[in-house]
Amino acid sequence: MENYEVLPPSPGKHNMDNYDEYCKNFTWDIVEKEFSWYTTGKVNIAYEAIDRMVDEKGKGATPAIQYYDGKNETVVTFAELKAQSNKFANVLAKLGITKGERVFLFIPRSPEMLISFAGIVKAGCIAGPLFEAFMEEAVKDRLNDSAAVAIVTIAGQKNRIKKDEIPSLKHVIVIGDDEANLAPYEISYEKAMAEASDVFEPVWLAKDDPMFLLYTSGSTGKPKGVLHTHEIMTGMYHTMRISQDVKDGDVFWCTADPGWITGVSYSVWGPWLVGIPTIIVGGRFTPDNWYHALEKYGVTNWYSAPTAFRMLAAAGEDAPKNYNLKLRHITSVGEPLNPEVIMWALKAFNVRVHETFFMTETGVNMICCYPSEPIRVGSMFKAIPGVECAITDEDGKVLPPLQMGNLSLKKGWPGMMKAIWNNPEKFNEYFANEPWFISGDQAYMDEDGYVWFQGRNDDVIKTAGERVGPFEVESKLIEHPAVLESGVIGKPDEIRGNIIKAFIVLAPGYTWSEELGEELKKYVKTGLAAHAAPREIEVVDKLPKTRSGKIMRRVLKAQDAGLPVGDLSTLEDD
Ligand code: 6R9
């Protein structure tokens with residue numbers, strides 16, 4: 001057991017002050033009772049998160065969206081969000097789009113992104129949020145895999161949607177375009193919204209009807225569509241209370257983009273479900289912009305990521321002193337939280353940073369530290385009440401304390417993915433050791449049940465908190481005529497956690513140059529997505545491979561770190 005520092009609980013009152021008792025008495029029923037469907041049987045998250053806030057909870061005039069682009073601010077109240085999302089649901093209905101059909105969102109962070117998301121879900125359709133940095137191939141793959149019928153986008157991004165290559169796609173709804181520029185299949189968002197009625201009865205569903213489909217990367221193959229249901233609202237509500245510690249009067253800001261799971265659960269739906277506004281800060285990240293947003297809104301509860309904290313720390317410990325901040329609870333997700341970040345936050349804000357662990361597949365926070373409990377620096381604490389965590393071996397056997405193994409969660413919590421779109425084999429892989437959901441992460445538990453994260457079990461890369469599959473980057477690189485073969489790894493980086501590094505074998509007739517390197521980076525950036533582009537490229541004569549020809553990325557990683565790689569003359573089996 002390593003040495004670790006212990007930080008005492010945060011001062012003040014917290015939702016989990018009676019941790020032991022709360023855990024002892026917890027059943028999901030306690031959370032479910034908060035929703036109207038518990039008695040009516042009529043389910044739609046958009047009703048619980050929006051309409052009900054207006055109709056039953058007197059929150060019509062409360063802001064639901066506070067959008068700030070660094071200069072201008074837009075506020076959308078719950079009453080306006082109800083009306084606007086009704087309009088958008090009517091736009092879809094008029095197009096003949098019905099329950100269960102896939103409608104994608106390809107919009108930078110903005111009120112329109114959230115309004116259309118809400119409208120899609122209210123209409124009983126499945127929303128497909130896409131990160132705005134995706135380029136045409138990434139967009140095409142996701143729309144084709146899910147047979148999407150419509151997509152909402154902005155004028156500046158519509159050229160990345162190649163409708164001719166997406167047979168299922170019938171409609172492209174464009175925000176901010178001149179009507180003269182619209183193709184016959186394109187619809188002006190503004191015009192359609194102006195013409196639509198603001199009255200719409202939510203399409204009533206069952207708890208396990210699909211709500212959204214979010215594509216995420218694995219270590220092999222193209223990104224997989226993780227399907228979530230309306231039941232995720234129970235997990236969102238629960239974790240907004242216990243993990244994010246949100247109480248009446250709190251101001252909560254989750255900095256994640258709604259194109260990723262943290263954004264969907266905590267920048268969009270989580271705040272609405274507990275009746276508070278979501279704060280959306282548009283534009284580019286700069287320390288000044290973020291500190292300014294924290295001050296402007298008087299943020300008390302802040303959810304962000306280690307890379308962002310490290311970037312802020314790099315701007316200087318004293319930088320926050322220029323701002324009048326009200327922070328009292330900070331949470332972090334997406335990558336390991338290094339002790340330096342926790343120490344920086346203690347100095348800069350006099351607030352601890354609390355780990356939260358979850359995945360696209362788990363939907364909501366699974367393991368987290370609470371403000372009412374001491375922090376063992378480096379540990380993620382324990383699974384939330386209602387979820388059981390264990391460290392298991394290859395056969396699903398639960399391992400004793402201090403043994404490293406698979407971080408596993410007992411299946412069946414509200415918010416767990418329902419399916420991998422069109423890919424039951426992949427879905428079943430997660431549950432090969434029933435009743436455990438296998439995360440793909442490695443961890444151990446100490447004697448007191450605290451979970452200590454140790455890293456991924458596969459080749460998935462976390463760069464600046466974003467999940468990138470090496471296969472996608474490798475595939476893109478070998479499409480370039482200069483690249484014969486490629487192997488892609490995450491290389492440890494002080495700020496970003498990892499950066500993407502590509503090893504390439506050049507095609508005959510090509511020689512390496514700085515220009516070629518730049519060209520290849522740009523090639524991935526414009527073909528796939530900016531965040532997936534390699535920051536480093538190294539030319540090698542050949543790549544280490546298994547007997548069946550699979551690239552051994554673990555060997556590349558070890559070589560790159562200057563670690564022993566074992567005897568490479570012995571080829572490995574898969
Ligand atoms: C929410 C999100 C999931 C993977 C996960 C793990 C890593 C998430 C973490 C963490 C260390 C934490 N991860 N939280 N690693 N400490 N607190 O990031 O979802 O993009 O699907 O990634 O992120 O490796 O398996 P997603």
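Heads up: numbering here begins at 1 and tracks the sequence. Just follow the structure's listing: the first ligand is 1, and inside any ligand the first atom is 1. Everything numeric in this text was worked out from a predicted model, so none of it was measured.
- Counting only heavy atoms from C-beta outward, the side chains of F26 and H238 approach each other to under 4.5 Å.
- Ring-centre distance between W253 and Y303: not below the 6.0 Å cut-off.
- Cation-pi geometry between K426 and Y430 is satisfied (NZ or CZ under 6.0 Å from the ring centre, within 45° of the ring normal).
- Seen from the ring of F134, R160 does not count as a face-on cation partner, given the 6.0 Å and 45° thresholds.
- The protein residues lying under 4.0 angstrom from ligand 1, judged by non-hydrogen atoms, are I261, T262, V333, G334, E335, P336, E355, T356, F357, F358, M359, T360, M380, D441, F453, R456, K462, R467.
- Cation-pi check for K410 over F437 is not met; the charged atom does not lie both under 6.0 angstrom from the ring centroid and within 45 degrees of its normal.
- Considering E355, H354, Q244 as possible partners of T331, the one that fulfils the side chain to side chain donor-acceptor pair (under 3.5 Å) test is Q244.
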